A.B. asks: 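Can you read through this structure? Questions will come right after.
Fair warning: this is a prediction, and the values are worked out from it, not measured in the lab.
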Amino acid sequence: MNAGSNPADVVRVGAVAHASVSQLSRRYGAELRHLAAGETVPGSYWGESEAGLRGNIVYVRADTPLHSLLHELSHYVCMTSARRAGLDRDAGGDDDEECAVCYLQILLADELTQLGRGRMWSDMDAWGYTFRLGSARAWFEQDAADACIWLRANGVIDEDMRPTFALRS
């Protein structure tokens, strides 16, 4: 975690997920399932309030950070169809895919009225995502060409680096 950051200050899903969150999930064929406070999140890799992923269902609670929801949704989008079919908790993949997932979650933040790219960078830094250049924004703007190439090659973003809303081809 960066000095001066507080992970408690990240944007959370809230008691009722904003309609834009559910709409975004549906665009990818995923279902958003909102759980009761304190309920164990199925398919959560990290536990606690982190989003969970099983099959095409993204599990969240009110205290789930939106960056976590978008990260798991991005894993769903970026994995192969074979891995997607058996998905339960561990999205797998390699380092290139993980970078693509981080890049896509930043792009998808712009699809949510309550988040946006700037806040996503801030929340990722506060939560402790680490990048060679020291911040999510610096990585995104200066060191993520490989992630863009991966996303374009797999049909996840277009030539203008906008989401296609298609799963990995």
A.B. asks: A side-chain contact here means heavy atoms from C-beta on lying under 4.5 Å apart; do Gln114 and Ser20 qualify?
C.D. replies: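 Contact flag for Gln114/Ser20 side chains = yes.
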A.B. asks: If you round to the nearest 0.5 Å, how far is CE of Met124 from OG1 of Thr130?
C.D. replies: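 Spacing of OG1 (Thr130) from CE (Met124) equals 10.0 Å.
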A.B. asks: OG of Ser135 to CG of Asp143: how many Å apart, nearest 0.5 Å?
C.D. replies: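 Ser135 OG to Asp143 CG: 10.5 Å, rounded to 0.5 Å.
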A.B. asks: In terms of hydrophobic clusters joined by side-chain contacts under 4.5 Å, are Leu151 and Val77 together?
C.D. replies: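 Same hydrophobic cluster.
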A.B. asks: So which heavy atom on Ala36 is nearest to which on Arg61, and how close?
C.D. replies: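 Distance-wise, the nearest heavy atoms are O-CD, 3.7 Å.
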A.B. asks: Would you say the side chain of Glu141 lies within less than 4.5 Å of the side chain of Arg137, judging by non-hydrogen atoms?
C.D. replies: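 Result yes, sub-4.5 Å side-chain heavy-atom pair found.
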A.B. asks: Check Arg12 against Ala62 and note the closest heavy-atom contact, atom names and distance.
C.D. replies: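 Closest pair (atom of Arg12, atom of Ala62, distance): CB-O, 3.5 Å.
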A.B. asks: Side chains of His71 and Glu98: is there a donor and an acceptor less than 3.5 Å apart?
C.D. replies: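 Yes - a donor-acceptor pair under 3.5 Å links their side chains.
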A.B. asks: Using 0.5 Å steps for rounding, measure from the CG atom of Leu32 to the CG atom of Leu69.
C.D. replies: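 With rounding to 0.5 Å, CG (Leu32) is 5.5 Å from CG (Leu69).
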A.B. asks: Donor-acceptor pair, distance only, cut-off 3.5 Å: does the side chain of Ser68 make one with the backbone of Ala51?
C.D. replies: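 Looks like yes, one N/O pair under 3.5 Å.
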A.B. asks: Leu53 versus Tyr45: any side-chain heavy-atom pair under 4.5 Å?
C.D. replies: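 No; the side chains remain at least 4.5 Å from each other.
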A.B. asks: Scan side-chain atoms only and decide if Ser44 and Glu50 contain a donor-acceptor pair under the 3.5 Å cut-off.
C.D. replies: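 Short answer, no.
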A.B. asks: So, do Asp123 and Leu115 sit near enough that their side-chain heavy atoms are less than 4.5 Å apart?
C.D. replies: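 They are in contact (side-chain heavy atoms under 4.5 Å apart), so the answer is yes.
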A.B. asks: When you check the gap from the basic side-chain N to the acidic O, do Asp110 and Arg117 get nearer than 4.0 Å?
C.D. replies: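 Salt bridge flag = yes for Arg117 with Asp110.
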A.B. asks: Regarding Tyr59 and His34, is there a side-chain donor-to-acceptor distance under 3.5 Å anywhere?
C.D. replies: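 No, His34 and Tyr59 have no side-chain donor paired with an acceptor closer than 3.5 Å.
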A.B. asks: Can you tell me how far CG of Asn56 sits from OH of Tyr28, rounded to the nearest 0.5 angstrom?
C.D. replies: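 Result: 15.0 Å between the selected atoms.
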A.B. asks: How many angstroms lie between atom CZ of Arg54 and atom OH of Tyr76, to the nearest 0.5 angstrom?
C.D. replies: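 Result: 15.5 Å between the selected atoms.
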A.B. asks: In the single-linkage hydrophobic clustering (I, L, V, M, F, W, Y; side-chain heavy atoms under 4.5 Å), do Trp139 and Trp127 co-cluster?
C.D. replies: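 Yes, same cluster.
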A.B. asks: Are the side chain of Thr164 and the backbone N or O of Val156 linked by a donor-acceptor pair below 3.5 Å?
C.D. replies: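 Yes, the answer is positive, given that a donor and an acceptor are paired below the 3.5 Å cut-off.
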A.B. asks: With side chain to side chain contact (heavy atoms under 4.5 Å, CB included) as the test, would you mind laying out the steps for Cys78 and Leu104 before giving the verdict?
C.D. replies: CA-CA 9 Å; Cys78 291; Leu104 181 60; 4.0 Å; yes
A.B. asks: Could you state the interatomic distance from NE2 (His67) to CD1 (Ile106), rounded to the nearest 0.5 Å?
C.D. replies: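 Spacing of NE2 (His67) from CD1 (Ile106) equals 11.5 Å.
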A.B. asks: So which heavy atom on Cys99 is nearest to which on Ala147, and how close?
C.D. replies: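 Scanning both residues completely, I find the closest heavy atoms to be O-CB, 3.7 Å.
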A.B. asks: Linking I/L/V/M/F/W/Y whenever their side-chain heavy atoms sit closer than 4.5 Å, directly or via other members, would Leu133 and Tyr129 fall into one cluster?
C.D. replies: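 As far as the 4.5 Å side-chain criterion goes, Tyr129 and Leu133 are not connected within one cluster.
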A.B. asks: Identify the heavy atoms of Gly92 and His75 that sit nearest to each other, and give their distance.
C.D. replies: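 Heavy atoms only, the tightest pair is O-CE1, 4.5 Å.
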A.B. asks: Just wondering, are more than 12 heavy atoms of other shown residues or ligands nearer than 6.0 Å to CG in Asp95?
C.D. replies: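 Atom CG in Asp95 is not crowded, with 12 or fewer foreign heavy atoms closer than 6.0 Å.
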A.B. asks: Give the intermediate values and the outcome of side chain to side chain contact (heavy atoms under 4.5 Å, CB included) for residues Val13 and Leu66.
C.D. replies: CA-CA 6 Å; Val13 171; Leu66 273 179; 4.0 Å; yes
A.B. asks: Does a side-chain heavy-atom distance below 4.5 Å link Arg84 with Arg168?
C.D. replies: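 Counting from C-beta outward, Arg84 and Arg168 do come under 4.5 Å.
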A.B. asks: Evaluate the criterion side chain to side chain contact (heavy atoms under 4.5 Å, CB included) for residue pair Arg26 and Phe165; output intermediate values, then yes/no.
C.D. replies: CA-CA 10 Å; Arg26 281 194 305 270; Phe165 302 103; over 6 Å; no
A.B. asks: Any side-chain heavy atom of Leu70 within less than 4.5 Å of one from Leu24?
C.D. replies: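 Yes, side chains in contact.
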A.B. asks: Once ring pair (Phe, Tyr, Trp, His ring centres under 6.0 Å) is applied, do any residues pair with Phe140, and if so which ones, sequence neighbours excluded?
C.D. replies: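 If we apply the ring pair (Phe, Tyr, Trp, His ring centres under 6.0 Å) test to Phe140, skipping adjacent residues, the hits are Tyr103, Trp121.
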A.B. asks: Should Leu108 and Gln105 count as side-chain neighbours, where that means a heavy-atom distance under 4.5 Å?
C.D. replies: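 No, too far: nothing below the 4.5 Å cut-off.
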A.B. asks: Would a hydrophobic clustering, with Ile, Leu, Val, Met, Phe, Trp and Tyr connected at side-chain separations under 4.5 Å, put Val10 with Leu73?
C.D. replies: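 Yes, Val10 connects to Leu73 through the hydrophobic network.
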A.B. asks: May I ask you to say whether Arg152 pairs ionically with Asp158, meaning some side-chain N is under 4.0 Å from a carboxylate O?
C.D. replies: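 No.
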A.B. asks: Kindly determine whether Glu97 and Arg83 satisfy salt bridge (charged side-chain N to carboxylate O under 4.0 Å, His left out), including the steps that lead there.
C.D. replies: CA-CA 13 Å; Glu97 184 177 311; Arg83 286 190 2 248; 2.5 Å; yes
A.B. asks: For residues Ala166 and Gly155, report the shortest heavy-atom separation together with the two atoms involved.
C.D. replies: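 Looking at all heavy atoms of both residues, the shortest contact is CB-O, 4.0 Å.
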A.B. asks: Does Ser49 form a side chain to side chain contact (heavy atoms under 4.5 Å, CB included) with Val60? I'd like the steps, not just the answer.
C.D. replies: CA-CA 8 Å; Ser49 64; Val60 298; over 6 Å; no
A.B. asks: Is any side-chain heavy atom of Gln142 closer than 4.5 Å to a side-chain heavy atom of Phe131?
C.D. replies: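 They are not in contact (no side-chain heavy atoms under 4.5 Å apart), so the answer is no.
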A.B. asks: For the hydrophobic clusters of this structure (ILVMFWY residues joined by side-chain heavy atoms under 4.5 Å, transitively), does one cluster hold both Trp46 and Leu87?
C.D. replies: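 As far as the 4.5 Å side-chain criterion goes, Leu87 and Trp46 are not connected within one cluster.
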A.B. asks: Please answer whether the main-chain N or O of Asp96 pairs with a side-chain N or O of Asp94 as donor and acceptor at a distance below 3.5 Å.
C.D. replies: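 Side chain of Asp94 to backbone of Asp96: a pair is present.
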A.B. asks: Using atom types as modelled and distance alone, determine if a side-chain donor or acceptor of Asp88 lies under 3.5 Å from a backbone N or O of Gly43.
C.D. replies: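 Answer holds: no.
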